2 protein chains.
Amino acid sequence: MSKCNTFECIKGVKVNIPQLLGEYECKIDAKGRMRMPTGLIAQLGEGQAHNFVINRGFEKCLMIYPEVVWDRISSEVNQLNLYNKKNRDFVRYFYRGAQKVALDSADRILVSKRLLEYAGIQNDVILSAYSDRIEMWANDQYEQLIEEEPMDFSDLAEDVLGRVNGNPEA
Amino acid sequence: MSKCNTFECIKGVKVNIPQLLGEYECKIDAKGRMRMPTGLIAQLGEGQAHNFVINRGFEKCLMIYPEVVWDRISSEVNQLNLYNKKNRDFVRYFYRGAQKVALDSADRILVSKRLLEYAGIQNDVILSAYSDRIEMWANDQYEQLIEEEPMDFSDLAEDVLGRVNGNPEA
DNA sequence: GCCAAAGTGGGAAAAAGTGGGCAATTTTTC
DNA sequence: GAAAAATTGCCCACTTTTTCCCACTTTGGC
């Protein structure tokens, strides 16, 4: 069931990079726990379904990265030149609030109140998985998101999708 | 019977790209299941008739892509640099709650309530297949759509295709 | 009309998801 | 530093959803 068919080389070690997909409705219980949907666990596969890093997203949402993915991203960030103020600001902002989480015996993760607050999450969330990561949105925020077409969408679409149909010049 | 006569090269692997056509009337049962019409299954052919990806369309409808088709598109999208906000917006707007679905033993797919709600689908739907994808419309929405269109159809045609055959003045 | 294929509906088992009690641990407070 | 309070994790029981399977109805060709 696992879709980890992409490999990537991190410091000489080959690692499975998952290709995730799906939209899941989840609930946060009174203790701040959220069950990881079985669909996602299955997609992640044996090795990667247990440990995650959760962090504030750039938008008003939380990001959940499989640990492997987080390692890759943070190694990218760590290569920034820290003698540059802009870089330091970014790195600080990037790491603030990030924490490791693991599934408990009932496949739930515990999400800290600070993070929930940041994303404006009460009880109901939508998990939206794409590429190698999972976004966690407050239900109502997500609905809104779906509605609004980003500026320049059709331009970007032409750029990106033009290539799909074998138009290299696009 | 299969109509998969187009081949395309994805990362060195040849893949059949279906050429679909047809309008089908279908029903969604109380459990949210929809039977894939035999006509479509036949067009898709052995390999591709089982796994699909379904998401919200850009209009008020749902889109069903054979998995191969989706993979081809999403592999381009997944290469975007996600530190760029424009790209993130694009990816989100593009995925639109995409999820995998597979036919059950009676050739039905299960469509999530959230997606049905988005498209305003109750019980009766129209599947409209073209190119390599299938649109799923609520019956009444679809009627409305084709009633509205004839008015400016010819204008539209001129807009879209008017200059295809070397009519620079068009 | 009759048969085969297509399409529909629903019961029941299995799996997924939820909530809460309790005990162990950590943090806070005095 | 000890007691109180809050947090965390494990476990169990319950509810809901999904899946699987079977049987029935409808359609269309001959």
Side-chain angles (χ1 to χ4, degrees), chain A residues 1-2 20-46 49-54 64 97-117 121-129 134 136-139, chain B residues 1-2 20 22-46 49-54 64 97 99-117 121-129 134 136-139:
Chain A
M1 239 278 201
S2 164
L20 304 173
L21 190 64
E23 186 183 277
Y24 300 87
E25 241 179 315
C26 297
K27 288 188 177 180
I28 309 269
D29 71 15
K31 292 181 180 179
R33 299 175 302 186
M34 184 205 68
R35 180 174 218 279
M36 190 64 71
T38 314
L40 280 177
I41 295 178
Q43 287 183 56
L44 285 161
E46 261 310 305
H50 203 68
N51 295 301
F52 301 89
V53 170
I54 184 169
I64 301 174
Q99 42 192 270
K100 290 191 172 192
V101 288
L103 298 189
D104 71 9
S105 59
D107 293 335
R108 290 176 288 201
I109 60 170
L110 185 66
V111 187
S112 77
K113 287 199 184 112
R114 293 177 58 78
L115 288 178
L116 291 177
E117 210 168 289
I121 293 169
Q122 311 277 343
N123 294 300
D124 300 296
V125 297
I126 304 289
L127 296 188
S128 168
I134 304 164
M136 180 170 166
W137 290 85
N139 218 323
Chain B
M1 238 285 200
S2 164
L20 305 172
E23 206 178 83
Y24 300 86
E25 238 175 278
C26 298
K27 288 189 176 179
I28 309 268
D29 71 17
K31 291 181 180 179
R33 298 175 301 187
M34 184 206 69
R35 180 174 216 280
M36 190 63 71
T38 314
L40 278 177
I41 295 180
Q43 286 184 55
L44 285 161
E46 260 311 304
H50 202 68
N51 294 302
F52 301 88
V53 170
I54 184 170
I64 302 174
Q99 42 194 278
K100 285 182 157 202
V101 287
L103 298 188
D104 70 9
S105 61
D107 293 335
R108 291 174 290 198
I109 59 170
L110 183 66
V111 187
S112 77
K113 284 189 192 125
R114 295 176 52 74
L115 291 184
L116 292 177
E117 208 170 290
I121 293 170
Q122 311 277 345
N123 295 300
D124 299 295
V125 298
I126 305 285
L127 297 188
S128 167
I134 305 163
M136 179 171 166
W137 289 85
N139 215 324

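Residue numbers begin at 1 in each chain, while the letters A, B, ... track the order of the sequences. On a predicted model such as this, the values are computed, not experimentally measured, just so you know.
Partner B:Tyr24 forms a side chain to side chain contact (heavy atoms under 4.5 Å, CB included) with one of B:Ile134, B:Leu127, B:Ile126 and no other, that one being B:Leu127. Of the candidates A:Leu116, A:Ile121, A:Ile109, A:Ile109 is the only one forming a side chain to side chain contact (heavy atoms under 4.5 Å, CB included) with A:Met34.
Nucleotides of DNA chain D that come within less than 4.0 Å of any heavy atom of chain B span, from the 5' end to the 3' end, D:dT19 to D:dC21.
Between A:Ser105 and B:Ser105, the residue anchored closer to the 5' end of DNA chain D is A:Ser105, taking for each the nucleotide with the nearest heavy atom.
Not counting sequence neighbours, the partners of A:Gln99 by the side-chain contact (heavy atoms from CB on, under 4.5 Å) test are A:Ile54, A:Ser112, A:Leu115. For A:Asn139, there are no side chain to side chain donor-acceptor pair (under 3.5 Å) partners two or more places apart in sequence or in a different chain. Every residue two or more places apart in sequence or in another chain that forms a side-chain contact (heavy atoms from CB on, under 4.5 Å) with A:Asp104 is listed here: A:Arg33, A:Ala106, A:Arg108. For B:Glu23, the side chain to side chain donor-acceptor pair (under 3.5 Å) test picks out B:Tyr142, with sequence neighbours left out. Qualifying side chain to side chain donor-acceptor pair (under 3.5 Å) partners for A:Asn51, counting only residues two or more places apart in sequence or in other chains: none. Taking the salt bridge (charged side-chain N to carboxylate O under 4.0 Å, His left out) definition, one finds that A:Lys100 meets it with A:Glu67, sequence neighbours left out. For B:Asp124, the salt bridge (charged side-chain N to carboxylate O under 4.0 Å, His left out) criterion is met by no residue, not counting sequence neighbours. For the salt bridge (charged side-chain N to carboxylate O under 4.0 Å, His left out) test, no residue two or more places apart in sequence or in another chain qualifies with A:Arg114.
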Reading nucleotides 16-28 of chain C 5' to 3', which nucleotides get B (base under 4.0 Å from a protein heavy atom), which S (sugar-phosphate only), which -?
-> SBBBBBB------
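Overall, the helix from C:dG1-D:dC30 to C:dC30-D:dG1 carries an axis bend of 30° between its ends, with five pairs at each end and the value rounded to 10°.
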